[in-house]
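Below: the structure, in structure tokens.
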Amino acid sequence: MTLRHLHLRLARCAAIATVVLAFGAQAQQLTVSAAASLTDAFKELAPAFEAAQPGTTLRFNFAASGTLLQQISQGAPVDVFASADQTTMDRGVAQKLIDAATRRDFVVNSLVLIEPAEGGTGVKTVQDLARPAVQRIAIGKTATVPAGRYTQEALESAGLWATLTPKFVQADSVRQVLDYVSRGEADAGFVYRTDALAAGNKVNIVLTATGHTPVSYPVAATVESQHKTQAQAFIRFLETPPARAVLARHGFSQP
């Protein structure tokens, strides 16, 4: 091999290494911690976002909003937080975990009462929950699950919270409430309309709850995000027609 050929080969190797390093520098994994009720919708819209942001992949962490905020406060590497309520996001801002300047309300939902599609007790009203036939009512834990707090507000408004408390089966997320009811392990439960729709013919929607704070979902970048530009790109993406179409298909409405 001549000296000239050696120089050419070294130059080509250097060029390849530069491209590989550049690609590695651009490749980013964006971690999104989102309320459990967003699971199906976010998983469906992920490919469209990744296609629009070459080199970026989404990593989702779904759980109760309060649990997710606890994880962020304990140092979990999260770039974007999507909560099922304003209260949890407010706490994140107060704790200086959330970049308030990036905060947006992107969807709204509604709270519904459901019962198993088969073997239900025939509940028609919230007052029916006090009947002896209804022995177990699944609700989200009020300390960490926004749906649980919405449920408490609705039942307190109806004057039934104290009466029904002995029947409550506490769940770690709204999806767990859905599982309890769909499997017949609870006679009734309170979930978001989107969750009830996701269950298909496994549950029946009895009614839409009233007397609670509106179910509004905010999203924001975290203060400690290492990918601020991409985090804000994801937040903006949620307001685009393709993302809104997916969210609407899963039962969410625009704010």
Side-chain angles (χ1 to χ4, degrees), residues 31-43 59-100 103 105-114 136-157 160-162 164-183 185-186 188-196 198-199 209 211-224 252:
T31 300
V32 177
S33 285
S37 50
L38 291 165
T39 300
D40 299 330
F42 270 21
K43 284 183 176 180
R59 175 181 178 271
F60 291 119
N61 178 30
F62 298 108
S65 300
T67 299
L68 296 174
L69 185 63
Q70 289 175 0
Q71 293 171 355
I72 295 170
S73 70
Q74 293 165 2
V78 176
D79 299 296
V80 177
F81 175 45
S83 174
D85 70 329
Q86 300 293 335
T87 301
T88 303
M89 188 66 80
D90 289 343
R91 290 207 312 270
V93 171
Q95 295 171 25
K96 301 189 185 324
L97 301 171
I98 300 300
D99 182 352
R103 181 174 177 172
D105 294 341
F106 69 106
V107 288
V108 294
N109 210 337
S110 56
L111 185 73
V112 298
L113 174 63
I114 60 172
R136 297 177 301 278
I137 304 168
I139 69 167
K141 293 179 179 177
T142 56
T144 54
V145 184
R149 290 194 292 276
Y150 294 133
T151 298
Q152 181 174 359
E153 291 175 0
L155 292 178
E156 284 181 342
S157 178
L160 291 168
W161 177 257
L164 298 177
T165 296
K167 299 184 178 187
F168 292 152
V169 177
Q170 305 282 340
D172 291 324
S173 73
V174 71
R175 283 303 174 93
Q176 190 172 55
V177 172
L178 183 67
D179 287 342
Y180 286 157
V181 179
S182 64
R183 294 197 298 257
E185 295 171 7
F190 287 87
V191 299
Y192 299 124
R193 180 173 296 277
T194 53
D195 297 298
H212 60 81
T213 303
V215 184
S216 175
Y217 288 56
V219 61
T222 63
V223 169
E224 296 298 324
F252 293 97

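Along the sequence shown, residues carry numbers from 1. What you see below is based on every heavy atom in this structure, not just the backbone, and it leaves out hydrogens, waters and symmetry mates.
- Between the Ser157 side chain and the Glu153 main chain, no donor and acceptor come within less than 3.5 Å of each other.
- Closest of all the heavy-atom pairs between Tyr192 and Ala84 is OH-CB, 3.6 Å.
- Atom CG of residue Leu113 and atom CD1 of residue Ile137 lie 8.0 Å apart, to the nearest 0.5 angstrom.
- No donor-acceptor distance shorter than 3.5 angstrom exists from the side chain of Thr144 to the backbone of Thr67, with no hydrogens or angles considered.
- The aromatic rings of Tyr150 and His212 sit tilted, their planes meeting at an angle between 30° and 60°.
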query = Taking it one step at a time, do Val177 and Tyr180 satisfy side-chain contact (heavy atoms from CB on, under 4.5 Å)?
reply = CA-CA 5 Å; Val177 172; Tyr180 286 157; 5.5 Å; no
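- Within the model, atoms CD1 of Ile139 and CZ of Phe168 stand 4.5 Å from one another, a figure rounded to the nearest 0.5 Å.
- Note that the CG atom of Leu69 and the OG atom of Ser83 stand 8.0 Å from one another [nearest 0.5 Å].
- Of the possible donor and acceptor atoms, none in the side chain of Thr194 sits under 3.5 Å from a partner among the backbone N and O of Phe252.
- When all heavy atoms are compared, the tightest approach of Thr88 to Pro146 is OG1-CG, 4.4 Å.
- Here the closest heavy-atom approach between residue Arg103 and residue Ala220 is recorded as CA-CB, 3.8 Å.
- Counted within 6.0 Å of CZ on Arg59, heavy atoms from surrounding residues, nucleotides or ligands total 12 or fewer; the atom is thus considered open.
- Taking both residues in full, the closest heavy atoms of Ala196 and Ile114 are given as CB-CG2, 4.0 Å, listed atom of the first, atom of the second, then distance.
- Between the Arg193 side chain and the Val112 main chain, no donor and acceptor come within less than 3.5 Å of each other.
- Lys43 contributes atom NZ, which lies 12.0 Å from atom CG of Leu38 (distance to the nearest 0.5 angstrom).
- Between Glu185 and Val169 the shortest side-chain heavy-atom distance does not fall below 4.5 Å.
- To the nearest 0.5 Å, atom CG of residue Asn61 and atom OG of residue Ser33 are 4.0 Å apart.
- Nearest heavy atom pair, residue Ile72 against residue Leu97, reads CG2-CB, 4.1 Å.
- Of all non-hydrogen atoms in Ala198 and Arg175, the two that sit nearest each other are CB-NH2, 4.3 Å.
- Ion pair Arg91/Asp85 not flagged as a salt bridge, since none of the NZ, NE, NH1 or NH2 atoms sits closer than 4.0 Å to an Asp/Glu carboxylate oxygen.
- Surrounding CD of Gln86 are more than 12 heavy atoms belonging to other residues, nucleotides or ligands, all under 6.0 Å away.
- If you take CD1 on Ile98 and OG1 on Thr222, they are separated by 6.5 Å, rounding to the nearest 0.5 Å.
- Looking at Val108, Asn109, Asp105 one by one, the single match for side-chain contact (heavy atoms from CB on, under 4.5 Å) with Tyr217 turns out to be Asn109.
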